[in-house]
*Asks:* 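Please read through the structure below; I'll follow up with questions.
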Amino acid sequence: MRTTLRGAISGIVAAGTGIAAAELLAAAVRPGSSPLVAVGGAVIDATPTPIKEFAVREWGTHDKPVLLSVIVVVLILFATAIGITATKWRSATPVGTAVLGVAGAVAALSRPAGTVLDAVPAVFGAALAGLALWWLLHDRPSAASDVQEGGVDRRLVLRLSMLAAGAGVAEVAGLAVSGRRENAAGASRQAIRLPAAADPARPLPNGIAAGFTTPNAGFYRVDTALTVPRIDPSAWRLKIHGMVDREIELSLADLLRRPLIERDITLNCVSNEVGGPYIGTARWLGVPLAALLKEAGVRSGADQIVARSVEGMTIGTPVATALDGRDTMLAVGMNGEPLPLEHGFPVRMLTPGLYGYAGACKWVTELELTTFGRFDAYWVERGWGAEGTVKTASRIDKPKPFARIPAGTVTVAGVAWAQRRGIRAVEISVDGGPWKPAELLPTASIDTWTQWRFSWPATSGPHSLAVRATDRSGAVQPETRATPFPDGATGWHTISVTVS
Ligand SMILES: Nc1nc2c(c(=O)[nH]1)N[C@H]1C(S)=C(S)[C@@H](COP(=O)(O)O)O[C@H]1N2
Ligand SMILES: [Mo]
């Protein structure tokens, strides 16, 4: 029993030492090569779509801390097992830590932007963990016995404390180094002065209700990036290449010298459930993509723009959606500020009428003109629809589901959206009764959501409220429930309330 405990603690402390050292090395010399983050990224990419869906639905933006915690727990269990095994069988030390090192290295190399150098921290950390475990368990003069009366192994306790202290220092130093880098990225973002738009957004019409524009801090975030990419804006470049007559390479300064447009646009995620929160409207500032593509000269036959981001995401957008007159842009500003780091700083794509996974690549560094036949982007490879056209949908925001409200006139309110088509009508059905028109509030454009409200004479008792929208082509939002996979949820948002 005592031997088991000795092995378990030694395994955990040795692994902790190796991991802390690897994280410090990664933070110091090669940001983005953190083994924990690489393993997390590999897990995300390998996770089957239904589980990803579940994670996004259940944990939203917290899916990443949840994943990192799971990885740490698995590491602790593995380290415990290595330590215990090593007390009986010495070769468990090199074998076990080598497995860790190889796993970390493979994860690092599997990252889309991964190079051999990215595998170095994992290999270094695993080697250190192996040496530490050897030192703890096997490095003792065979004759000597340090086990005191009471059973405390002084030598082991001393070595464990030294390693734990060293790991603690390495961990703190690693966090400090990456913290400094984050602050530097934040500072260079704040130093950016965005030029005024050559073609500004129209002022929002009178009568728009509070909540039309989503503040940046409250804007939903969906991406596979375990850590937010920190791009140095002065080193950032965008390359437009592939099926073009002339390759183009632009710096941020080049981009900001061009005439900018400013537009109110609603962005939503294909993973949004009926009634879900992954939608927001912002005032975006950016460079129209059409002009850039014309300069590059898109070759005939090219029907897909593959946007690549600094951390290796690929998002495929139809060429037609950049050239058909809509405000597809390379966005640099969001609600009067440079793009927040989480939302793609310094530059992201934005395509009105397409879900984010099909038109809104964040941290973009490359646009490749190609064909849908030749290349499947990240989500398409995982079974999501290649087209990504936003479906007409609507949501009840007030009252909240299961609210208890007093009888009398109740204002039911919410939003409806069908970017590129616009909303013609919103209707409410109480308790499955006839559809009654809601009042539409003024809106900014067909690319934004439309707010609506409905005066409901509420009588006491339990009630259900359902909403449906009709777009300006006359198509009514279908009742049939569909899951977000593979091309967006359908069905009417329905809530239950109790009127007293
Ligand atoms: N680089 C990168 N861009 C990305 C993603 C991603 O995972 N990585 N996710 C896309 C998806 S699925 C959506 S819905 C939008 C979300 O944008 P937001 O986080 O700014 O709201 O970003 C898109 N752009
Ligand atoms: Mo999304």
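Along the sequence shown, residues carry numbers from 1. Start at 1 and go down the list; that is how both ligands and their atoms are numbered.
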*Asks:* Just verifying a value: how many Å separate E23 CD and L36 CG, rounded to the nearest 0.5 Å?
*Replies:* 4.0 Å
*Asks:* Compare E342, M313, R348, R221 and give the one whose heavy atom is closest to atom 17 (O) of ligand 1.
*Replies:* R348
*Asks:* Among all protein heavy atoms, pick the one closest to atom 21 (O) of ligand 1 and tell me residue, atom and distance.
*Replies:*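 Result for atom 21 (O) of ligand 1: Y220 O, 2.7 Å.
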*Asks:* Cation over ring, R382 on Y378, under 6.0 Å and within 45°?
*Replies:* yes
*Asks:* Would you say the side chains of T443 and T448 form a donor-acceptor pair under 3.5 Å?
*Replies:* yes
*Asks:* Indicate whether any N or O donor in one side chain lies under 3.5 Å from an N or O acceptor in the other, for T370 and Q304.
*Replies:* no
*Asks:* Taking 4.0 angstrom as the limit and counting only heavy atoms of C269, give me the atoms of ligand 1 inside it, by number and element.
*Replies:*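 Those atoms are 14 (S).
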*Asks:* Suppose I only count heavy atoms of E311 and a 4.0 Å limit; which atoms of ligand 1 are within that range?
*Replies:*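 Reading through ligand 1 atom by atom, the close ones are 1 (N), 2 (C), 8 (N).
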*Asks:* Tell me, which protein residue and heavy-atom name are nearest atom 19 (O) of ligand 1, and how many Å apart are they?
*Replies:* K362 NZ, 2.5 Å
*Asks:* Could you tell me whether Y357 approaches ligand 1 through its side chain, its backbone, both or neither, with non-hydrogen atoms closer than 4.0 Å?
*Replies:*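 Within the 4.0 Å criterion, Y357 contacts ligand 1 through backbone and side-chain atoms alike.
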*Asks:* Distance only, no hydrogens: is a donor on one side chain within 3.5 Å (strictly under) of an acceptor on the other, for T266 and W449?
*Replies:*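 No, no side-chain donor-acceptor contact under 3.5 Å.
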*Asks:* When you measure from the heavy atoms of A225 to every atom of ligand 1, does any distance fall below 4.0 Å?
*Replies:*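 Outside the 4.0 Å threshold, so no.
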*Asks:* Please could you name the atoms of ligand 1 that W363 approaches to less than 4.0 Å, counting only its heavy atoms?
*Replies:* 1 (N), 2 (C)
*Asks:* Atoms of ligand 1 less than 4.0 Å from S309 heavy atoms?
*Replies:*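 Checking each atom against S309, I get 1 (N).
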*Asks:* Please write down residue, atom name and distance for the protein heavy atom closest to atom 6 (C) of ligand 1.
*Replies:*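 Result for atom 6 (C) of ligand 1: D223 CB, 3.3 Å.
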*Asks:* Which is closest to atom 7 (O) of ligand 1 in terms of heavy atoms, T224, L350, L339, V310?
*Replies:*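 It is T224 whose heavy atom sits nearest to atom 7 (O) of ligand 1.
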*Asks:* Starting at CZ of R181, measure out to CG of D232 and round the result to the nearest 0.5 Å.
*Replies:*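 One finds 11.0 Å between CZ of R181 and CG of D232.
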*Asks:* Near A360, which atoms of ligand 1 are under 4.0 Å from a heavy atom of that residue?
*Replies:* 22 (O), 23 (C), 24 (N)
*Asks:* What protein heavy atom is closest to atom 9 (N) of ligand 1, reported as residue, atom name and distance in Å?
*Replies:*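 That would be V222 O, 3.2 Å.
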*Asks:* Ligand 1 versus F219, non-hydrogen atoms closer than 4.0 Å: side chain, backbone, both, neither?
*Replies:* side chain
*Asks:* So, T392 and R421: side-chain donor and acceptor under 3.5 Å apart, yes or no?
*Replies:*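 Yes, R421 and T392 have a side-chain donor paired with an acceptor closer than 3.5 Å.
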*Asks:* State, without any angle test, whether Y220 and N268 hold a side-chain donor-acceptor pair at a distance under 3.5 Å.
*Replies:* no
*Asks:* Any idea which part of I315 is under 4.0 Å from ligand 1, heavy-atom wise: side chain, backbone, both or neither?
*Replies:* side chain
*Asks:* Side chains of Y357 and V222: closer than 4.5 Å at any heavy-atom pair?
*Replies:*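 Side chain of Y357 against side chain of V222, heavy atoms only: no contact under 4.5 Å found.
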*Asks:* Do the side chains of K362 and D223 get close enough for a salt bridge, i.e. N-O under 4.0 angstrom?
*Replies:*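 So K362 pairs with D223 through a salt bridge.
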*Asks:* Between L267 and ligand 1, find which residue part has any heavy-atom pair under 4.0 Å and reply side chain, backbone, both or neither.
*Replies:*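 Looking at L267 and ligand 1, just side chain atoms fall under 4.0 Å.
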